[in-house]
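Report on one structure; see the data block that follows.
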There are 2 protein chains.
Amino acid sequence: MTTRTRRRADAERSIARIVAAARELLGRDPAATIDEIAAAAGVGRMTLYGHFPNRAELVEAALVDALADGERTLSAIDLAGDPAAALDRLLASSWSLVAESSSLLAAAQEVLPPGRVRQLHGAPAARLEELIRRGQGSGAFRADLPIGWLVSASHYLLKGAAEEARAGRLDAASVPGLVTASVRALLRPPADAR
Amino acid sequence: MTTRTRRRADAERSIARIVAAARELLGRDPAATIDEIAAAAGVGRMTLYGHFPNRAELVEAALVDALADGERTLSAIDLAGDPAAALDRLLASSWSLVAESSSLLAAAQEVLPPGRVRQLHGAPAARLEELIRRGQGSGAFRADLPIGWLVSASHYLLKGAAEEARAGRLDAASVPGLVTASVRALLRPPADAR
DNA sequence: CTTAGCTCGTACGGGAATATACGAGTTAAC
DNA sequence: GTTAACTCGTATATTCCCGTACGAGCTAAG
């Protein structure tokens with residue numbers, strides 16, 4: 001399932017550059033053109049079409065690549081021990097990943113069949129969900145709200161922080177602190193726990 | 001500054017129908033076409049162009065109208081008394097407003113000059129900010145995070161909840177409860193207050 | 001060195017959406 | 001009832017982007 005007819009080395013290189021360019025441009029502007037991406041990759045538009053039959057497949061490839069990168073980073077994080085501390089570690093690495101490809105996600109939403117994005121995006125969401133669940137068991141996190149919402153809400157906070165940073169309304173250096181403080185607050189058990 | 005040459009009654013009516021249709025369609029799909037909006041308003045496309053020279057002005061008119069409606073609703077809310085309770089009242093009314101025009105905001109972001117949206121959107125943000133500030137003064141809300149971020153984060157939670165509801169991942173009836181619980185959590189002073 | 005694969009320019013066709021031009025018919029306002 | 005304003009269809013120009021076709025030239029792989 002790797003390669004049916006072998007690919008030449010230069011083709012491999014072109015594909016890598018195209019995907020990288022797509023990630024970068026689509027990460028900033030979900031409406032980035034195929035022309036722009038090809039140009040940014042230092043490659044003719046026709047070369048791009050030689051590897052990706054249409055826009056959707058290119059976007060999907062970029063998203064898959066970005067997610068794979070993310071998985072590599074996140075899977076290296078130790079989530080054992082105190083859930084709150086583990087959460088901080090997870091968020092510290094997550095936020096920049098979200099920042100880099102938040103509009104890539106938006107681009108994918110527009111082009112890919114419904115549900116496909118969510119499917120591809122399953123692993124990181126599951127990781128956070130698992131951590132939250134564990135924290136709920138130990139009483140570190142609140143359990144009175146649906147866990148699906150807690151996961152989503154955390155995401156929205158991450159995405160929001162990324163957007164504020166990109167708009168220049170937030171200093172990039174201050175973002176990690178704000179994100180962790182906010183998500184911790186969101187997950188902390190309410191005062192009137194009974 | 002109201003009307004330089006008087007407008008006929010039927011024109012007034014057409015404009016109202018167009019703006020209403022624009023709010024409804026753009027509120028659901030930020031890419032709604034001028035054709036679609038005209039059709040939904042029960043009006044020829046040429047009539048629409050007679051009143052709005054281009055897409056941007058139509059979008060802006062729709063946004064202004066939606067915000068004016070929102071202002072009318074929000075300004076009726078009593079924000080005196082216990083800040084936490086006032087926050088609940090404010091959020092209960094805010095969330096549906098956000099839900100109805102969240103993608104209208106997105107449409108505006110794409111078409112209007114940068115900063116214009118934020119400028120138009122100033123009043124509701126200021127209202128929430130003022131409430132938060134008051135709550136900080138009385139110790140009801142946390143003061144260790146920048147107030148601008150607290151306001152934005154609340155917004156992102158509202159928008160996120162609206163999105164989840166539209167995607168069918170959240171029951172509309174449960175949204176107000178989740179939103180208020182989440183924003184309260186976000187604003188509650190941290191445990192290790194010193 | 002030969003071949004198959006890859007690069008990439010130019011050109012073309014198509015679709016979708018915006019916006020303009022013209023003009024005939026209709027309707028509110030006075 | 002006259003006028004000015006409004007409605008609205010058809011047609012057309014423009015722009016933008018996607019995707020295809022053709023073909024000449026390069027380059028990695030054996």
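Throughout, protein chains are lettered first and strands after them, A, B, ... in sequence-line order, and every chain is numbered starting at 1. These figures come from a predicted structure and were not determined experimentally.
Under the rule for a salt bridge (Lys or Arg N to Asp or Glu O under 4.0 Å), the partners of A:Asp88 that lie at least two apart in sequence or sit in another chain are A:Arg184. Annotation: ring-ring contact (aromatic ring centres under 6.0 Å, His included) contacts of B:His155 (sequence neighbours excluded): B:His121. Among residues two or more places apart in sequence or in another chain, the side-chain hydrogen bond (donor to acceptor under 3.5 Å, both in side chains) test is passed with A:Arg188 by none. Residues forming a side chain to side chain contact (heavy atoms under 4.5 Å, CB included) with A:Glu130 (at least two apart in sequence, or on another chain): A:Arg133. With sequence neighbours left out, the salt bridge (Lys or Arg N to Asp or Glu O under 4.0 Å) criterion links A:Asp29 to no other residue. Qualifying side-chain hydrogen bond (donor to acceptor under 3.5 Å, both in side chains) partners for B:Ser94, counting only residues two or more places apart in sequence or in other chains: none.
Rounded to 10 degrees, the angle separating the terminal axes of the helix from C:dC1-D:dG30 to C:dC30-D:dG1 is 30°, with each axis obtained from five end pairs.
Residue pairs meeting the salt bridge (charged side-chain N to carboxylate O under 4.0 Å, His left out) criterion with at least one partner in residues 165-176 of chain A, sequence neighbours excluded, are A:Glu164-A:Arg169. For residues 119-128 of chain A, the set of pairs meeting the salt bridge (charged side-chain N to carboxylate O under 4.0 Å, His left out) definition, not counting sequence neighbours, comprises A:Glu71-A:Arg127. Residue pairs satisfying the salt bridge (charged side-chain N to carboxylate O under 4.0 Å, His left out) criterion with at least one member in residues 100-118 of chain B, sequence neighbours excluded, are listed as follows: B:Glu60-B:Arg116.
Within a heavy-atom distance below 4.0 Å of DNA chain C, the residues of residues 46-57 of chain A found are A:Met46, A:Thr47, A:His51. For residues 13-34 of chain A, proximity to DNA chain D is found at A:Thr33, A:Ile34, defined as any non-hydrogen atom under 4.0 angstrom from a strand atom.
Atom CZ in A:Arg45 sits roughly 14 Å away from atom P in D:dC16 (whole-Å rounding). For the pair B:Asp35 CG and C:dA17 P, the computed distance is 8 Å after rounding to whole Å. Rounded to a whole Å, the CD atom of B:Glu12 is 19 Å from the P atom of C:dT27.
Not a single donor-acceptor pair under 3.5 Å links the side chain of B:Ser93 to the backbone N or O of B:Leu90.
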